[in-house]
Amino acid sequence: MAIYNQDIAALFKEMADLLEIDAANPFRVRAYRNAARTIGDLTEELGEKVEAGSDLIGIDGVGKDLAAKIEEIVRTGTLSALQEIHEKIPPGIGELLKLPGLGPKKVKVLYEDLGITSLDSLEKAAQEGKLEQLPGLGKKSQEKLLKAVASRRDMSQRFRRADVMPYAEGMVKQLREADPDAQFCLAGSYRRACETVGDLDILAESGQAGTLMDAFVQAGEVTEILAHGKTKSSVLLRNGLQIDLRVVPPESFGAALHYFTGSKAHNIAVRRRARQMGLKVNEYGIFRGEDVVGGDTEASVFGALNLSEIPPELREGRGEIEAAAGGLLPALVERKDMKGDLHTHSTASDGNATIAEMAAAAKEAGHDYMAVTDHTKRLTIANGLDEERLHRQIDEIDELNGTLEGFAVLKGSEVDILEDGSLDLADDVLERLDLVVGSVHSLFNLRRDAQTERILRAMDHPFFTFLGHPTGRLILSREPYEVDVPRVIEHAAQRGCYLELNANPKRLDLSDIHCSLARELGILIAVNTDAHRTRDFGYMIHGIGQARRGGLQKKDVLNTRPLASLRKLLEKTRLS
DNA sequence: GCCGTTTTCGGCCCGACTGTTTTCAGTCG
């Protein structure tokens with residue numbers, strides 16, 4: 001059985017959890033967590049590196065010891081150090097660390113005094129009133145833990161970013177009414193445009209901290225107050241979303257915004273740099289001894305550290321500090337750079353607007369062109385088009401284009417990739433199209449090799465333009481199908497075709513990491529909404545957020561091109 | 001356990017809030 005990076009990362013995470021409960025050196029714990037995070041982000045498989053005999057030392061956070069442990073995992077599938085610690089700390093107990101209010105110390109007490117190793121046994125002990133008798137715990141902790149177990153069971157702990165936008169805006173609106181002079185900014189993973197967020201962080205600059213705090217905990221949707229302090233409070237909404245509000249004075253706003261935007265890994269890296277320069281960074285400012293050297297704006301924080309300003313989307317501790325120090329940060333693509341949308345549907349298949357209506361909406365969204373890419377016959381559930389219907393649609397689009405001014409509708413198709421890698425429509429109709437999006441809509445459970453080969457073969461088709469939603473994942477609801485994405489990306493580079501970053505907020509498919517790999521290999525990415533309704537063109541902002549996280553610049557994105565250059569690039573993918 | 005303008009040892013980010021405490025440890029972000 002092949003070992004993938006995610007497996008190695010999972011073992012290191014578990015190791016970190018158990019070591020932490022075992023009260024190991026906290027920096028040793030951090031070393032495991034750091035390595036797990038780095039390895040989870042890598043695009044090259046360490047299993048292959050080990051087989052090839054390459055050196056693992058040099059991977060960020062991997063030294064001699066962890067390199068040996070990775071080799072052990074790859075060769076044996078297990079980690080003996082983990083099994084050793086299992087003799088002291090039972091497996092699965094790390095789950096308890098995820099409960100709010102429980103950290104390593106208390107988990108250890110729970111296990112040693114009451115033998116608690118699971119949510120079930122914790123719940124039972126709490127119901128029997130045993131927790132309140134433990135040192136450091138009381139009646140209140142017991143009640144909170146009982147609630148935490150219940151809420152853990154009945155709701156997922158993360159939210160798609162797009163789904164929390166209305167809650168974020170609603171809360172800020174209520175706070176603004178309480179203090180019209182305050183400034184608000186959403187921070188955290190939300191500001192970094194992460195695919196999912198665990199909670200919302202709202203930062204306020206205000207002289208009325210108390211007023212804001214009161215308004216916050218009394219807001220309409222709040223069902224529980226988790227903390228209510230002078231400058232910092234946390235609440236839980238009915239849907240389980242946690243919101244944190246922090247109020248700071250104007251001179252600290254930039255430092256606080258930087259701090260609460262994170263990520264944690266980025267902040268640690270920034271503070272390490274500050275320390276090396278003899279400075280100290282906290283959420284109130286940046287200091288040399290007692291002297292303030294920055295903090296009112298984010299620019300002042302980066303400036304004091306001799307860094308160019310790092311866009312929030314890149315603050316993941318993946319080398320952005322070094323890039324900023326060397327003046328090597330990319331100028332990230334922006335929404336206004338987008339000239340068109342190359343993946344849309346109409347009533348001909350499973351969309352709910354006509355081509356003319358979609359074209360009008362695309363133009364309204366600021367685009368100069370749009371490609372119609374309805375489904376094909378294999379996807380009967382979506383009323384996919386067969387050759388004859390597509391021929392007619394092509395004629396229809398030609399006719400429509402004759403009536404449009406300052407806007408072009410391109411002729412395309414989202415063609416099903418069949419099991420053997422062939423395309424779902426005959427060449428004579430594909431040849432008439434401006435572009436062909438190849439997508440997998442069936443047989444998600446093929447073995448990894450078979451799925452990868454299937455896709456590579458489809459890409460080799462002479463009329464193939466780009467791969468639609470390359471992994472098929474649905475965020476928080478469906479795992480990607482088993483496919484060797486780096487291999488697909490490398491193949492696209494050799495073949496001379498493109499990849500899609502699907503901007504639908506449920507998909508955001510490619511991931512940021514894979515976007516970054518594609519960019520390194522010089523592959524153009526089409527950022528498309530896959531719109532099925534006119535309002536879906538609004539999805540573009542989510543795609544742009546993801547593209548920025550992947551470090552994509554305007555030049556890396558296919559549909560930032562004006563129509564004439566776009567046509568040339570589409571033409572270029574055709575093999576004779 | 002990693003790492004090096006602190007360089008093979010001795011550091012490793014920093015502060016607010018809670019609950020249980022009676023001066024602070026644990027947790028969280």
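A, B, ... follow the sequence lines: proteins, then strands. Residue 1 opens every chain.
- Using atom P as the reference point in both B:dC14 and B:dT8, the two lie 23 Å apart (nearest Å).
- Across the interface with DNA chain B, nearest-nucleotide mapping of A:A227 and A:P100 shows A:A227 to be the residue nearer the 5′ end.
- Phosphate contact (OP1/OP2 of B:dA16, side-chain N/O of A:S234, threshold under 4.0 Å): absent.
- Within 4.0 Å of A:L99, counting heavy atoms only, lie sugar-phosphate atoms of the nucleic acid but no base atom.
- Salt bridge annotation for A:K69-A:D65: present, with a cationic side-chain nitrogen under 4.0 angstrom from a carboxylate oxygen.
- Between A:E224 atom CD and B:dT18 atom P the separation is 13 Å, expressed in whole Å.
- Under 3.5 Å, the side chains of A:R448 and A:Y4 contain a donor-acceptor pair of N or O atoms.
- Of the candidates B:dG15, B:dT20, B:dG1, the closest approach to any side-chain atom of A:K140 belongs to B:dT20.
- Closest to the side chain of A:Q276, from the set B:dT27, B:dC2, B:dT6, is B:dT6.
- Heavy atoms of A:Y32 sit under 4.0 angstrom from primed sugar atoms or phosphate atoms, though from no base atom.
- In the set B:dG19, B:dG29, B:dG15, B:dG19 carries the atom at the smallest distance from any side-chain atom of A:K144.
- Applying the 6.0 Å contact sphere to CG of A:D214 captures more than 12 heavy atoms from other residues, nucleotides or ligands.
- Between B:dT21 and B:dA16, the two P atoms lie 24 Å apart (nearest whole Å).
- Within a 6.0 Å radius of CD in A:E479, no more than 12 heavy atoms belonging to other residues, nucleotides or ligands are found.
- Side-chain atoms of A:K280 lie closest to B:dG15 of the nucleotides B:dT27, B:dG1, B:dG15.
- With B:dC14, B:dC3, B:dT20 as the choices, the nucleotide that has an atom nearest any side-chain atom of A:D60 turns out to be B:dC3.
- Phosphate contact (OP1/OP2 of B:dC13, side-chain N/O of A:R275, threshold under 4.0 Å): absent.
- If you check every strand for non-hydrogen atoms under 4.0 Å, A:N282 touches sugar and phosphate atoms only.
- When heavy atoms are screened at a 4.0 angstrom cut-off, A:R246 is found touching the sugar-phosphate backbone but no base atom.
- Around OH of A:Y167, the count of heavy atoms belonging to other residues, nucleotides or ligands within 6.0 Å does not exceed 12.
- Checking B:dC2, B:dC3, B:dT20 against every side-chain atom of A:A31, the shortest atom distance belongs to B:dC2.
- With distances taken from any side-chain atom of A:R271 to the nucleotides B:dT18, B:dA16, B:dC13, the minimum falls on B:dC13.
- Below the 3.5 angstrom threshold, one finds no donor paired with an acceptor across the side chain of A:Y259 and the base of B:dG15.
- If you run salt bridge (charged side-chain N to carboxylate O under 4.0 Å, His left out) between A:E20 and each of A:R28, A:R33, A:R30, only A:R33 comes through.
- A:K106 comes within 4.0 angstrom of the backbone, heavy atoms only, and of no base.
- As rounded to the nearest Å, B:dT22 and B:dC17 have P atoms that lie 23 Å from one another.
- Closest approach to the A:N25 side chain among B:dC12, B:dG15, B:dG26 is made by B:dC12 (side chain taken as heavy atoms from C-beta onward).
- Annotation: of the two residues near DNA chain B, A:S233 and A:G61, the 5′-most nearest-nucleotide partner is A:G61.
- Counting any heavy atom pair closer than 4.0 Å across all strands shown, A:V270 reaches no nucleic acid atom.
- Between A:R549 and A:E316 there is a salt bridge, since at least one side-chain N of the basic residue sits less than 4.0 Å from a carboxylate O of the acidic one.
- Counting to the nearest Å, the P atom of B:dC14 and the CZ atom of A:F27 are 10 Å from each other.
- Nucleic acid contact for A:N34: none, since no nucleic acid atom lies under 4.0 Å from a heavy atom of the residue.
- Using a 4.0 Å heavy-atom criterion, one finds that A:K108 contacts no nucleic acid atom at all.
- Between the C1' atoms of B:dC13 and B:dC28, the separation comes to 14 Å (whole Å).
- In this structure, CG of A:D199 is placed 10 Å from C1' of B:dC28, rounded to the nearest angstrom.
- Among the heavy atoms of the strands lying under 4.0 Å from A:P104 are primed sugar atoms or P, OP1, OP2 only; no base atom is included.
- You'll find that the side chain of A:Q242 is closest to B:dG29, out of B:dC12, B:dG29, B:dT20.
- Comparing the C1' positions of B:dC12 and B:dG19 gives a spacing of 29 Å, expressed to the nearest Å.
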